[in-house]
Amino acid sequence: MIKITFPDGAIREYQSGITGLDIAQSISGRLAQEVVAISVNGDLIDATRPIITDSIVKLHTFEEKEGKHAFWHTSAHVMAEALEALFPGIKFGIGPAIENGFYYDVDMPNDTVLTDKDFQKIEEKILEISRGKHKVIRKEVPKSEALDFYTKKGDEYKVELITDLEDGTITFYSQNNFTDLCRGPHIPDTSYIKAVKILSIAGAYWRGDEKRKQLTRIYGITFPKKKLLDEYLIMLEEAKKRDHRKIGKELELFYFSEKVGLGLPLWLPRGAMLRERLENFLKKVQKEYGYEPVISPHIGQKLLYVTSGHYEKYGKDSFQPIHTPAEDEEFLLKPMNCPHHCEIYKCKPRSYKDLPVRFAEFGTVYRYEQSGELHGLTRVRGFTQDDAHIFCTPDQLKDEFKKVIDIVLYVFKTFGFEGFTTQISLRDPNNKEKYIGTDENWKKAEQAIIEAAAEKELKTKVELGEAAFYGPKLDFMVKDALGRSWQLGTIQVDYNLPERFELEYTGADNQKHRPVMIHRAPFGSMERFVAVLIEHTAGKFPLWLTPDQAIILPISEKFNNFAKKVANVLNISDIRTLIDDRNEKIGRKIRDAELKRIPYMLIVGEKEEAENAVSVRRQGQNDIGGMPVDAFIKLINEEVNQELKK
RNA sequence: GCCAAUGUAGCUCAGGGGUAGAGCACUUCCUUGGUAAGGAAGAGGUCAUGGGUUCAAAUCCCAUCAUUGGCUCCA
């Protein structure tokens, strides 16, 4: 007999060799139907594998991440079998489970091109295989046998994968007529898969290497219940409705013109006003934190970026230098604000008594992004960073870093990004050539970030090799209303630019010292932040920020004059107010205002005119009653104050 | 940059070798209506661009450009 400990601490005894499924069965028949994988002493394994020693066991259903992973991994295998049946001669790369579903990279036979017209027959074939209730069988194989299997099959991708594996660790999983190299774990049999959707196809380089062959990547998702698939598809529809490109067009916030150039957004009046409000919001916060505004031009001498190291690192992948006509001097479009700010620091001698100095600028920068990478406002070629650079003494670094964290947290709170995560990006210790700067400085910088984050009690994930080339960083990722993750704010420590620009301050000892620099952008860029905010709010911006706060809807044209009077009063009181004086019925005006996501609709007719009042309707709600104009102004002001409260 | 799909009116889209279509938006007229679409008429398009095939191309073929979904990249 062996002892099995459950997550709640309960211990039960079972025969040695019992499986996860048997354990589930001993608890309830229903559970046994739902368990798709188990963890034994922290290792995720098949629910059908025997357990032979005392163990801590956790049962996973599709509800859990681990269960989904096994479920989708098996689904990838089933899809592979379906593809092999439909397209004989197809070769397989890798086919993992991902956050939402799975994919398989395949090499289509004879250059067949797969299109979305093939999706349905693939789905049908997958369901046909699933219904067969084929057991998923695990088999450990020696490396020689594994190589032999795929060499005979003619699948060079799998052969390459196996060549890199160590003998003795190789396992195959089979279901029905299909065998795949796989670490597992997998669900017990194929019948768990009840609903499937092939989502999209895309090209993907073999092993992520653009020099190697491009395979076809097929994305799909499966569920143990049809209902779950339907819900997922509804969620996808919802995400599409929130797409910032769509809402940006509907609300006339920004526009892309082919003539202006790809990736170069044009901010329309309502978008520009919104952005201006965002900038003012941050300027106010920054002023409180002791930042000073600076302004730098959009181009700079090539030498500036040679000094900073950006030219060496990115020169080839940037917009190419601009030459002056007479002298043939070279200028670069500004890809970063920091070199300019370093020169501002150098404009006069600095004393330790002056530090820290904090230069802030909404600086527009230009970066050459590959054409295929451009995407709405989230990936553009010209964008404005809410940039600032803090120059401080090494002793001040941690405190300054913590103050920046405070600003970022305040920003996130104000905009309702509750579920953010943070990532500390450090240098890859095995690949130091990728970075500039001394080991000692890197060590100090990394240490400061780790400590500051810990002292601010941030839950961080540490990633090696993700640092910027000049220093480590702390990034903030927010999840929007649909749970998608976006990187926004960033804080980076930099010992290298002060070195390269030979920045100095005079210490209390009357000696020259080198300051440390912090780069930081709480929004990241105005473009990306607005995009994420649109998707997060579905275009229903907070009242203080939204382009139009109120719209007056006269019942008929007879009340247009009164409407103008009210609008005038409100606009004078800094409430951004429109009038809908079209020759339309009130129902129509309400509908259009709702679709424009204007927070307050003020209906005025005979009764309101007599009482100098408005009848108030909140967007997304119904009539919330009438009130005097003064009372409405108070209501708005209170709501705005509430939104901006610290 | 690479792979694939797409490109028809301001927007969303249907159509398809032989008069260019719908809904919304727009203009004018009627209507003056109390909480999510009042009615009528009108205007609006070199069917992305350039070539080719054809008696005839928006439709078929090729190239280019752009958009979308991925891949690679991301200071």
Side-chain angles (χ1 to χ4, degrees), chain A residues 103 105 108 111 113-118 199-219 240 243 245-246 249-250 252 255-259 261-263 305 308-315 317-318 334-339 365-376 378-381 385 387 436 466-471 473 487 490 492 494 496-497 519 521 553-560 582-596 601-608 615-626:
Chain A
Y103 67 79
D105 285 347
M108 296 296 287
D111 295 320
V113 174
L114 199 63
T115 72
D116 51 11
K117 288 165 193 77
D118 299 309
L199 296 167
S200 63
I201 44 177
Y205 300 111
W206 170 234
R207 303 201 121 179
D209 183 345
E210 60 184 314
K211 288 181 197 73
R212 306 196 64 180
K213 181 158 184 179
Q214 188 153 34
L215 306 179
T216 305
R217 177 168 296 179
I218 308 168
Y219 287 90
K240 265 194 207 157
D243 191 315
R245 292 165 301 186
K246 181 174 145 66
K249 202 181 267 178
E250 283 169 6
E252 295 183 13
Y255 173 70
F256 287 91
S257 147
E258 270 188 40
K259 210 164 225 162
L262 22 163
Y305 303 101
S308 71
H310 290 106
Y311 188 79
E312 188 195 345
K313 189 81 187 168
Y314 294 103
D317 305 317
S318 295
K334 175 164 78 172
M336 291 282 283
N337 300 301
C338 33
V365 297
Y366 301 89
R367 296 178 185 176
Y368 175 80
E369 303 288 356
Q370 297 184 70
S371 58
E373 191 49 54
L374 302 168
H375 178 92
T378 55
R379 199 69 195 277
V380 288
R381 285 178 169 172
Q385 296 178 312
D387 212 356
I436 56 178
E466 292 291 312
F469 75 94
Y470 51 75
K473 57 183 185 171
Q487 194 226 300
T490 181
Q492 313 179 352
D494 187 351
N496 297 299
L497 276 186
H519 309 242
L553 312 178
I555 292 289
S556 81
E557 288 178 346
K558 280 188 272 184
F559 307 104
N560 280 356
R582 292 175 305 166
N583 178 7
E584 289 294 346
K585 289 187 170 183
I586 193 66
R588 176 52 178 274
K589 293 182 181 181
I590 287 171
R591 179 184 154 79
D592 289 348
E594 285 280 347
L595 292 178
K596 280 198 248 165
M601 283 152 268
L602 307 176
I603 289 120
V604 296
E606 194 175 352
K607 199 176 85 191
E608 289 77 13
S615 196
V616 182
R617 187 186 163 102
R618 185 77 164 100
Q619 203 265 350
Q621 299 169 27
N622 288 327
D623 192 357
I624 58 174

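Computed from a predicted model, the values in this text were never measured in an experiment. Order of the sequence lines sets the chain letters (A, B, ...), proteins ahead of strands, with each chain counted from 1.
Take A:Lys213 and apply the side-chain hydrogen bond (donor to acceptor under 3.5 Å, both in side chains) test, not counting sequence neighbours, and it matches A:Asp107.
Applying the 90° criterion around 0 to the glycosidic angle, B:U12 comes out anti.
A straight line from CH2 of A:Trp206 to C1' of B:C2 spans 18 Å, rounded to a whole angstrom. For the pair A:Ile555 CD1 and B:U35 C1', the computed distance is 8 Å after rounding to whole Å. Atoms CZ (A:Arg212) and C1' (B:C71) sit 15 Å apart, rounded to a whole Å. Look at NZ on A:Lys259: it is 18 Å from P on B:C65, rounded to the nearest Å. Distance A:Leu114 CG to B:G70 P: 17 Å, rounded to the nearest Å. Atom CD1 in A:Ile603 sits about 16 Å away from atom P in B:G33, given to the nearest Å. What separates CG of A:Asp209 from P of B:C3 is a distance of 16 Å, to the nearest Å. Note: CD1 (A:Ile586) to C1' (B:G34) measures 7 Å, nearest angstrom.
Checking B:G33, B:C71, B:A36 against every side-chain atom of A:Glu594, the shortest atom distance belongs to B:A36. Of the candidate nucleotides B:A75, B:U35, B:G1, B:G1 has the atom nearest to the side chain of A:Gln370. In the set B:G70, B:C65, B:G38, B:G70 carries the atom at the smallest distance from any side-chain atom of A:Gln214. In the set B:C3, B:U35, B:A75, the nucleotide with an atom closest to the side chain of A:Tyr470 is B:A75. With distances taken from any side-chain atom of A:Lys473 to the nucleotides B:A75, B:A66, B:U35, the minimum falls on B:A75. Each of B:G33, B:A75, B:C74 was ranked by its minimum atom distance to the side chain of A:Gln492; first place goes to B:A75. Comparing B:G69, B:A66, B:A36 against the side chain of A:Ser200 picks out B:G69 as the nearest. Of the listed nucleotides (B:U35, B:G70, B:G1), B:G1 has the atom at the smallest distance from the side chain of A:Ser371. Of the listed nucleotides (B:A66, B:C71, B:C11), B:A66 has the atom at the smallest distance from the side chain of A:Leu262. Taking only side-chain atoms of A:Thr115, from C-beta outward, the nucleotide of B:A66, B:C71, B:A5 with the closest atom is B:A5.
Heavy atoms of A:Ser318 sit under 4.0 angstrom from at least one base atom. Within the nucleic acid shown, A:Gly605 comes within 4.0 Å of at least one base atom, counting heavy atoms only. Across all strands shown, A:Ala202 has heavy atoms under 4.0 Å from base atoms, whether or not it also approaches the sugar-phosphate.
One N or O donor and one acceptor, one from the side chain of A:Tyr205 and one from the base of B:G1, sit under 3.5 Å apart. For B:C74, its base never sits under 3.5 Å from the side chain of A:Arg367 at any donor and acceptor pair. Judged by distance alone with a 3.5 Å cut-off, a donor-acceptor contact links the side chain of A:Glu608 to the base of B:G34. The base of B:C74 does not come close enough to the side chain of A:Glu369 for any donor and acceptor atom to sit less than 3.5 Å apart.
Across the interface with RNA chain B, nearest-nucleotide mapping of A:Gly620 and A:Ala467 shows A:Gly620 to be the residue nearer the 5′ end. In terms of position along RNA chain B, the nucleotide closest to A:Asn622 lies nearer the 5' end than the nucleotide closest to the other residue of the pair A:Arg207 and A:Asn622.
For B:G15 and B:C3, the P atoms lie 29 Å apart once the distance is rounded to whole Å. B:U31 and B:G39 have their C1' atoms separated by 8 Å, given to the nearest Å. Taking the C1' atoms as reference points, B:G42 lies 23 Å from B:A14, given to the whole Å. Look at the P atom in both B:A57 and B:A22: the space between them is 25 Å, to the nearest Å.
Within a 6.0 Å radius of CD in A:Glu250, more than 12 heavy atoms belonging to other residues, nucleotides or ligands are found. Few gaps surround NZ on A:Lys313; more than 12 heavy atoms of other groups in view lie less than 6.0 Å from it.
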Report, one pair per line, the protein and nucleotides 26-30 of chain B atoms (nitrogen or oxygen only) whose separation is under 3.5 Å.
residue: B:C30; atom: N4; partner: A:Asn583; partner atom: ND2; Å: 3.3

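For the side chain to side chain donor-acceptor pair (under 3.5 Å) with A:Glu369, the lone residue among A:Arg381, A:Arg379, A:His375 that qualifies is A:Arg379. Residue A:Tyr314 is tested with A:Tyr470, A:Tyr368, A:Phe469 for a ring-ring contact (aromatic ring centres under 6.0 Å, His included); the sole match is A:Phe469.
Ring-base stacking between A:Tyr314 and B:A75 is satisfied, the centre separation being under 5.5 Å and the plane angle under 30°.
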For RNA chain B, the dot-bracket notation using Watson-Crick and G-U wobble pairs below 3.5 Å, [ ] for pseudoknot-type crossings and | for other-strand pairs, is (((((((..((((....[..)))).(((((.......))))).....(((((..]....))))))))))))....
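Remark: A:His375 is in phosphate contact with B:G69, judged by side-chain N or O atoms under 4.0 Å from OP1 or OP2. Of the side-chain N and O atoms in A:Lys249, one or more sit less than 4.0 angstrom from OP1 or OP2 of B:U12. OP1 or OP2 of B:G69 has not a single side-chain nitrogen or oxygen of A:Arg217 nearer than 4.0 Å.
A salt bridge links A:Arg617 and A:Glu594; the closest N-O separation between the charged side-chain nitrogens and carboxylate oxygens is under 4.0 Å. Remark: A:Asp209 does not engage A:Arg207 in a salt bridge, criterion side-chain N to carboxylate O under 4.0 Å.
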